[in-house]
*Asks:* 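Provided herewith is a single structure, encoded as structure tokens, for subsequent inquiry.
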Amino acid sequence: MEQSKPQLSRKPRPADWIAAGAVVLVALALLLLPLLVRSEAVTVQILQDGALLYELPLDRDTTVTVGGDYENTIEIHGGAVFVSHATCPGGDCVRSGAIRNAGRSIVCLPNRLEIRIVGASAADVVIETEGVCRPQS
Amino acid sequence: MQTAKLTRCAVLTALALALSLLERALPLLAWIPLPGVKLGLSNIVTLFALLTLGAPYAAAILLLRAVLASIFAGSLTSLVYALAGGALSLLVMTLASRSRRLSVYGVSVLGAAAHSVGQILAAAALMGSGAVFSYLPLLLLVSVGTGALIGAATAGVLQGWDALRARREACR
């Protein structure tokens, strides 16, 4: 009733590492490809309550602190933007890490803050924010 | 024999449905803030079905599970993602399982990676935009981890299954 072909090994084998390594390599290649190709001016916009506070070039390292109900420290470093420190209760904006591609954004809901990258090669749709800072219940 | 297979399919479909509903309750997204990241618990069932019943049965279970899961908790969009990811994943796993060098682990990792690709392709098609492809590298990296985990779980289940069959043979 069951199949008669040779059974697939139940224990990890060397080829598994090759398969996993190949997937990692493809992922890294896809990750690095846009960095090599993209060189046109890309800017970082920092908005609070929907109003533009700052517009900064992505390729110049800087640190900006935004006040309001809470305080968020936003760093631009090495072509990436991230929230390095936040006094909001959730801190999800810090945990959502760095963004580096046009069309991506970081949001801090408690401080009604949005950090987004816009550029010539921007995706014309922002699909989903990378992380949403929400107050912890 | 046909009844035994039918019963096994039914039990596996119910199990896959339960696992995919359980998975929705897991707060995996809180740790990895990326849309589309999940453990893929029901892939334990798909992989087990593929290896013990064959690809057509695994496809039937996958289809039933995806449709039922979207009826129980989900949307039409999540069904499209699940089907696109699942179909590509099953195809890749079917081919990979024919390899004599890979184990359950490797097949599971490749299946998880294919699921990510399928999901992204579906998302790009649904939104008519290629912007989602920027998520693919991260999804792929995560899928190596989740794939290995699901591979370990499936290997465990298969070892139990092997032992059960060996005992049944011995009784004969």
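Computed from a predicted structure; not experimentally measured. By convention in this document, chain letters (A, B, ...) are assigned in the order of the sequence lines, proteins followed by strands, and residues within each chain are numbered from 1.
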*Asks:* Sort out for me which of A:Asp16, A:Leu28, A:Val23 touches chain B most, counting heavy-atom pairs under 4.5 Å.
*Replies:* A:Asp16
*Asks:* Quick check: closest heavy atoms across B:Val109 and A:Ala20, and the distance to 0.1 Å?
*Replies:* CG1-CA, 4.1 Å
*Asks:* Does any heavy atom of chain A fall under 4.5 Å from the side chain of B:Ser99, the backbone, both, or neither of them?
*Replies:* backbone
*Asks:* If you round to the nearest 0.5 Å, how far is CG of A:Leu8 from OG1 of B:Thr52?
*Replies:* 12.0 Å
*Asks:* Do B:Asp162 and A:Gln7 have side-chain heavy atoms sitting under 4.5 Å apart?
*Replies:* yes
*Asks:* Verify the neighbour count for atom CG of B:Leu164: are there more than 12 heavy atoms of other residues, nucleotides or ligands below 6.0 Å?
*Replies:* yes
*Asks:* Is there a path from A:Leu47 to A:Val118 through hydrophobic residues (I, L, V, M, F, W, Y) whose side chains come within less than 4.5 Å of each other?
*Replies:* no
*Asks:* Over all heavy atoms of both residues, which pair between A:Arg13 and B:Arg100 is shortest? Give the atoms and the distance, please.
*Replies:* NH1-O, 2.6 Å
*Asks:* Rounded at 0.5 Å granularity, tell me how far CG in A:Leu30 sits from OH in B:Tyr135.
*Replies:* 15.5 Å
*Asks:* Return the CD1 to CZ distance between A:Ile18 and B:Arg101, rounded to the nearest 0.5 Å.
*Replies:* 8.0 Å
*Asks:* Membership question, hydrophobic clusters at under 4.5 Å side-chain separation (ILVMFWY): are B:Met93 and A:Val26 in the same one?
*Replies:* yes
*Asks:* Under 4.5 Å between side-chain heavy atoms, hopping through other hydrophobics if needed: is there a path connecting B:Leu41 to B:Tyr105?
*Replies:* no
*Asks:* Under 3.5 Å, is there a donor-acceptor pair between the side chain of B:Ser103 and the main chain of A:Arg10?
*Replies:* no
*Asks:* B:Leu102 versus chain A, heavy atoms under 4.5 Å apart: side chain, backbone, both or neither?
*Replies:* both
*Asks:* Measure the spacing between CG of B:Leu136 and CG of A:Leu31 and express it to the nearest 0.5 Å.
*Replies:* 10.0 Å
*Asks:* Quick check on the hydrophobic clustering: are B:Leu21 and B:Leu15 connected, directly or via other members, by side-chain heavy-atom contacts under 4.5 Å?
*Replies:* no
*Asks:* Do you know which of B:Ala123, B:Pro137, B:Ala113 has the most heavy-atom pairs with chain A at a distance under 4.5 angstrom?
*Replies:* B:Pro137
*Asks:* Under 4.5 Å between side-chain heavy atoms, counting indirect links through other Ile/Leu/Val/Met/Phe/Trp/Tyr residues: same cluster for A:Leu109 and A:Tyr70 or not?
*Replies:* no
